[in-house]
Student: 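This structure is in structure tokens; I'll ask about it shortly.
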Amino acid sequence: MWRYDDTRAAMRDALRLSRAMTYKSAVAGLPLGGGKGVIMLPGPVDARRRKAALRDFGDTVDELNGKYVTAEDVGTSAKDMETIAQQTKHVTGLSRRRGGSGDPSPWTALGVDAAIRASLERKLGSGDPKGRTVVVSGMGHVGAALAKLLARAGAELVVTDIDRSKKQLADQLGARWVTPARALTLSADVFAPCALGGVLDHESVPALQVPIVAGAANNQLADDPVADLLAERGILWAPDFVANAGGIINISVELARGGYDPDRARRKVEGVGDTMREVYDLAQSEGDTPFSAALALAHRRVDEAH
Ligand code: NAD
């Protein structure tokens, strides 16, 4: 759920996000396709209109008869899924109390943490975040959970958000707070984009001062050639649709026969690290960027499914 300048921008975002979901499920080896719903809110929206928009969205999901199953993402919560569930049963990520697997964000963060460790190992020789400086941009559901995991592992944290109220959490974690623009040019070990897409472009990438970019945001590349630019600068980029698969992996456990099991979910989500290594190995053996290698893997899995 987001504010867009016009419906064309919202439509473009839905198409890009659904493509990423397809790649994400394919690379993670899940028996799922890919889809995304975008709710465009005209502002200002009060609680009543917001609820009405969620109900309308629930009706739309219901008409698809289970071909599309919805879940939380940016701008929505487990509580919002309960509103949608009043209109359709094709909802995941409902609270544990309601028989669901809850908010997927902590699982997404756990997967990104595994991707960061695999990237540190590949680029800097050790996967241990202790003493490494990590810049987390976007302290929302996933970014905050990731920052907590990294703080616990002994990383030096620098964080940012356009919402200054998030500084309180930064202080609690002992993290340094910078502006979003400054976060993009800081000298550090890892830049972790955890806000919205398009953050890596032909202006930001030349200014980056990090050997690794690995984060949760969907569609981090403004366009596909940015992947080549990152490689030319010697920056290891963890393809977003590989690194941020933890949430959908957790949801796949909810959809599996036998129902939800958090221990199984944790084991599967931690497997994001192995998938990341597989992508880096493939990239190295083919002389490709990690982005091309991850795309090739996704296309191969989709073809196999056909
Ligand atoms: P969220 O809405 O909870 O958090 C996003 C945060 O980014 C907010 O705090 C917002 O203020 C901040 N932000 C927005 N623009 C910014 C900017 N220019 N610079 C710095 N901060 C900015 O969303 P979320 O659920 O944490 O998702 C974050 C990203 O991860 C999104 O791109 C989302 O699509 C992706 N993602 C989320 C999940 C999930 O499980 N929630 C799964 C896969 C991918």
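Atoms within a ligand are numbered from 1 in the order they appear, just like the ligands themselves. Numbering starts at 1 and runs along the sequence shown. None of the values given here were measured: they were computed from a predicted structure.
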Student: In terms of side-chain heavy atoms, does E254 have a donor or acceptor partner in S101 at a distance below 3.5 Å?
Tutor: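 Yes, S101 and E254 have a side-chain donor paired with an acceptor closer than 3.5 Å.
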Student: Donor-acceptor pair, R96 side chain versus G100 backbone, under 3.5 Å?
Tutor: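 Between the backbone of G100 and the side chain of R96 there is a qualifying donor-acceptor contact (under 3.5 Å).
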Student: Are side-chain N/O atoms of T289 and S292 paired as donor and acceptor at under 3.5 Å?
Tutor: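 Checked: T289/S292 side chains pair up, N/O donor to acceptor below 3.5 Å.
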Student: Could you tell me whether the side chains of K268 and N250 share a donor-acceptor contact shorter than 3.5 Å?
Tutor: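 Absent: no donor and acceptor within the cut-off.
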Student: Quick one: do E121 and R277 make a salt bridge, cutoff under 4.0 Å?
Tutor: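 Yes, this pair counts.
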Student: Heavy-atom contacts with ligand 1 below 4.0 Å: which residues, ordered by chain and residue number?
Tutor: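 Only K24, D73, V74, G75, P104, S105, T108, S137, G138, M139, G140, H141, V142, D161, I162, D163, K166, P180, C194, A195, A216, A217, N218, N244 have heavy atoms that fall under 4.0 Å of ligand 1, ordered by chain and number.
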Student: Distance-only, no hydrogens or angles: does the S204 side chain make a donor-acceptor pair with backbone N or O of V199 under 3.5 Å?
Tutor: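 Flag set: sc S204 to bb V199 pair under 3.5 Å.
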